[in-house]
Structures are given as C-alpha cells and as structure tokens.
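Working notes, structure below.
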Amino acid sequence: MAYQIKLSAPIFNGNESIYIQQAVDSGHLATYGSFIDQFEYKLGALTKTHQAVALNSGTSALHLGMALLGVSHGDEVICQSFTFCASANPIIYLGATPIFVDSELDTWNMCPELLEDAILNRIANGRKPKAIVIVHLFGMPAKMNEIIEVASKYQIPILEDAAEAVGSKYANRHCGTFGELGVYSFNGNKIITAGGGGALISKNASLLQKAEYLSMQAREDLPYYQHLEIGYNYRMNNLSAAVGVAQMEQLHQAVKRRREINQNYRQLLNNMPGIKFQDDSDLSESNYWLTTVLIDEKVMGFSNDQLRIKLMKNGIETRFLWKPLHMQPVYRGIQFFGGSIAKSLFHSGICLPSSSDLTFDDQSRIVQLIQDELAKSFK
Ligand SMILES: *Cc1c(COP(=O)(O)O)cnc(C)c1O
C-alpha cells in the first residue's frame with residue numbers, strides 16, 4: 001500500500017545527485033574510489049576518536065565484527081533479545097549459538113543485571129561467552145556504563161550494534177564507540193542512508209585493516225590472486241558511498257529534526273495517560289530514529305494493533321516494535337535470560353511516523369486520529 005505518510009522515508013535534498021554524477025564521471029563505481037575514502041573519513045571525524053571501514057550492509061558489518069572478535073564454531077555469544085534479526089543471525093552464520101537476554105524498562109535495551117546472570121550461568125557451565133552484542137534500539141542508547149562494568153569484570157568484548165543509532169550519544173560520546181567494535185547501518189530507512197550500506201568502527205586500527213582485507217575476499221597484495229584465508233565480498237561500493245557522503249553532510253540536521261519530531265509528539269499527546277514514550281536518560285541523547293510509544297490498552301480502550309489499522313486506513317504507516325528474538329520461531333529453543341519485559345514492549349508498542357521531513361501538520365493529524373480513537377472507546 002502506498003502510504004501518504006511513511007514511517008521513515010529517506011530524504012535526498014543535498015548533494016546526492018552531484019556526487020553520484022561525480023562518481024560516474026570518475027569511472028569508479030565498484031569497491032574503489034574517492035567517495036569510499038571520504039565516507040570513512042567523515043565517519044571517523046564524526047566519532048572523533050575512531051576510524052571506520054565502509055561495508056555493504058550493517059549485517060555484513062556485524063558478521064565481520066564477530067569474526068574479528070574470534071567468534072567461531074561452537075562458541076556462545078550473548079545478544080539482546082529485543083532487536084532486529086540481523087543482530088543475531090551472524091552468530092549462526094559463524095556456527096556459534098546465541099544466548100538471548102531481556103531488556104530493562106528505562107531504555108528498552110539489554111538489562112545489565114540479567115547480562116551478569118547470563119554470563120555467570122554460562123561460565124558455571126564451562127561456556128564463557130565469546131562476545132556480547134548490545135543494541136541501541138530505535139536510536140536509544142543502552143545503559144553503557146553498567147554494561148561495560150559487567151563486560152569488563154568478565155573480560156568479554158562488546159560488539160555494539162548501533163545500526164539504528166548513527167548520531168546518538170551517551171555521556172557525550174557517539175554510540176558505536178563504546179565496544180571493541182561498533183556497527184552502523186545505512187540501509188534505506190535508517191536516519192541517513194547510502195541506499196544500502198554499513199560500517200565497522202573502532203579505535204583499533206589493525207582490527208579495521210583486517211576488516212577491510214576480509215571484506216574484499218582476503219586478497220593478498222600480489223600481482224596474481226592469492227588467498228591465505230576465506231574472505232567475504234562485503235566492501236561498500238563507490239556509488240553508495242557517494243550517496244553516503246551527501247547524507248553524512250545532513251546527519252546533524254536529520255538528528256535535530258527527528259528529536260524535534262519526538263518533542264512535538266510529546267507536546268501534542270500532552271502526557272496522555274495510557275501512552276508512554278521511550279525516554280532519554282540524563283546521560284543519553286537518542287537520535288530518535290523512530291518515535292516509539294507504548295499503548296496501555298486498559299487505559300486507552302484500544303490496542304497497538306487497533307491503532308495501527310486505524311492509522312493505516314488513513315494512509316499513515318506505523319510499525320510494531322521488533323518482535324523479540326527469543327519469541328521468533330526460527331530461534332525456538334535458544335536459551336533466554338529474563339522475564340516478560342521485551343515481550344510486553346512488543347505487545348503494547350508502536351513506532352510512529354518519524355521521517356525527517358514530517359510536518360507539524362502531519363503530526364497534528366496523527367495525534368488527532370489517536371485522540372478520536374480514544375474518544376470513541378469511551379463514548
Ligand atoms: C538495520 C539493522 C541492522 C542491519 O543493517 P542492514 O544494513 O539492513 O544490514 C542490524 N541491526 C539493527 C538493530 C538494525 O536495525
């Protein structure tokens with residue numbers, strides 16, 4: 001269905017077409033070219049302390065990142081349950097087993113206490129986890145201070161899935177810079193896009209060098225093709241990077257807009273009982289990639305699904321929150337530490353339209369429809 005108001009539409013009102021033309025004129029559209037260098041430079045400059053390797057998706061960045069942390073056949077990797085499948089699928093690609101951990105109610109991301117329970121349980125079983133995948137869901141930074149404390153106590157590296165959190169900050173540092181390795185995604189509906197794309201970021205230059213080498217089929221620097229290792233075809237191409245560079249020029253503005261949109265929703269919904277937002281903590285500054293709310297059905301008289309259908313009928317696209325991975329049929333039987341927090345978030349939550357070019361009038365219309373639905377339930 002063609003929605004009038006989309007959940008998260010990309011915006012190309014910068015230098016995208018100019019840079020695409022320059023890439024075409026340069027004759028480099030494949031995995032070499034100046035836009036790839038510029039894109040990596042811009043990502044490094046954004047985080048100030050880190051360097052980046054541009055890849056063809058966030059999923060491939062997660063896959064390479066785990067491989068670089070030494071995850072291999074028979075290992076166990078702890079992963080946030082409340083996330084998109086791409087956070088965990090690479091664990092399976094590598095022949096390892098995920099261990100899922102529930103969220104906490106403040107940030108909706110991994111609960112540090114449950115993380116420690118999971119680690120202690122696995123160590124007691126002689127299976128010390130090889131890595132921890134932390135996710136900043138919908139752009140909201142996880143409780144990194146607490147999580148790092150647990151991870152360093154047991155000396156387990158963190159792979160930060162910041163796919164949704166480009167431009168988000170925690171304690172004045174960009175998400176993605178807290179783990180051994182961080183992952184960004186530039187897929188089509190993320191806060192900025194390269195059409196498709198991803199990046200690994202790190203302070204560890206030799207690890208990134210290895211990532212670049214593996215992303216281009218692990219080819220030795222010789223006049224003929226020689227390989228000492230199995231590599232991947234995961235490098236970003238110069239055409240995507242051209243779009244990525246133009247979008248990076250707009251990142252600051254995009255974060256500003258999405259935070260404004262989140263603020264407008266809060267104002268328009270005006271502390272409506274029965275609606276709860278995902279809130280920043282004192283330490284965090286979410287990019288609010290998507291504005292997400294929980295609908296208390298008992299108070300509102302309608303469910304998240306009823307609201308989704310109502311808005312859909314009015315040409316407005318919404319989406320459920322991610323269905324937790326421990327509830328996914330494909331991950332049946334995988335060990336899970338926690339209770340029902342991620343599950344209840346999934347059952348009551350909804351993502352509201354959050355495109356950077358959403359107008360105040362559009363937002364007022366969406367909120368009016370929510371208020372109409374509320375009035376209808378109590379007529
Ligand atoms: C989008 C996303 C990914 C994967 O990124 P792609 O670029 O689509 O491969 C991974 N994790 C999370 C949480 C995401 O939202």
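The model shown is predicted, which means the values in this text are computed figures rather than measured ones. Note that ligands are numbered from 1 as they come in the structure, with each ligand's atoms numbered from 1 the same way. Numbering starts at 1 and runs along the sequence shown.
In terms of protein heavy-atom proximity, atom 2 (C) of ligand 1 is closest to Lys190 NZ, 2.8 Å. The nearest protein atom to atom 5 (O) of ligand 1, hydrogens excluded, is given as Ser185 OG, 3.2 Å; this is a heavy-atom distance. Closest to atom 15 (O) of ligand 1 among all protein heavy atoms lies Glu164 OE2, 2.4 Å. Among all protein heavy atoms, the one lying closest to atom 11 (N) of ligand 1 is Asp161 OD2, 2.8 Å.
Close approach of ligand 1 to Gly197 is summarised as follows: ligand atoms under 4.0 Å from at least one heavy atom of the residue are 7 (O). In summary, the atoms of ligand 1 found under 4.0 Å from a heavy atom of Asn187, numbered by their order in the structure, are 7 (O), 8 (O). For ligand 1, the atoms sitting less than 4.0 Å from at least one non-hydrogen atom of Ala86 are 3 (C), 4 (C), 10 (C), numbered in the order shown with element in parentheses. Proximity to Ser57 (heavy-atom distance under 4.0 Å) selects the following atoms of ligand 1: 7 (O), 9 (O). Close approach of ligand 1 to Thr83 (heavy-atom distance below 4.0 Å) involves ligand atoms 13 (C). Those atoms of ligand 1 with a heavy atom of Leu62 less than 4.0 angstrom away are 10 (C). In summary, the atoms of ligand 1 found under 4.0 Å from a heavy atom of Gly58, numbered by their order in the structure, are 5 (O), 6 (P), 7 (O), 9 (O). Atoms of ligand 1 lying under 4.0 Å from any heavy atom of Phe84, numbered from 1 in the order shown and given with element: 2 (C), 3 (C), 14 (C).
Under the 3.5 Å distance criterion, the side-chain polar atoms of Glu40 are matched with a main-chain donor or acceptor of Ala54. For Thr193 (side chain) and Asn189 (main-chain N/O), no donor-acceptor pair under 3.5 Å exists by modelled atom type.
With Tyr265 as the fixed residue, the side chain to side chain contact (heavy atoms under 4.5 Å, CB included) test singles out one of Ile275, Thr292, Ile370, Leu358: Leu358.
When non-hydrogen atoms are compared, ligand 1 lies under 4.0 Å from the side chain of Ala163 (C-beta onward) but not from its backbone. Neither the backbone nor the side chain of Val183 comes within contact range of ligand 1; no heavy atom lies under 4.0 Å.
Note: Tyr232 and His63 have perpendicular aromatic rings, judged against thresholds of 30 and 60 degrees for the angle between ring planes. Between Phe138 and Trp289, the two ring planes are parallel [angle under 30°; tilted spans 30° to 60°]. Between Phe336 and His326, the angle of the ring planes stays under 30°, which puts this pair in the parallel group of the 30/60° scheme.
Note on Leu7: it clusters hydrophobically with Phe186, by side-chain heavy-atom contacts below 4.5 Å among ILVMFWY residues. Linking ILVMFWY side-chain heavy atoms closer than 4.5 Å, directly or via other members, places Leu181 and Val133 in a single hydrophobic cluster. Under a hydrophobic clustering in which Ile, Leu, Val, Met, Phe, Trp and Tyr are joined whenever their side-chain heavy atoms come within less than 4.5 Å, directly or via other members, Leu268 and Val293 fall into the same cluster. Ile341 and Leu115 fall into different hydrophobic clusters, where Ile, Leu, Val, Met, Phe, Trp and Tyr residues are linked whenever their side-chain heavy atoms come under 4.5 Å apart, directly or through other members.
Within the structure, ligand 1 has Ser87 among the residues with a heavy atom less than 4.0 angstrom away. No heavy atom of Ala61 sits closer than 4.0 Å to any atom of ligand 1.
Not one N or O of Phe186 is nearer than 3.5 Å to an N or O of ligand 1, by distance alone. Between Thr59 and ligand 1, a contact under 3.5 Å exists for at least one N or O pair.
Note that Arg219 lies outside the cation-pi zone of Tyr213, set by a 6.0 Å cut-off to the ring centre and a 45° limit from the axis.
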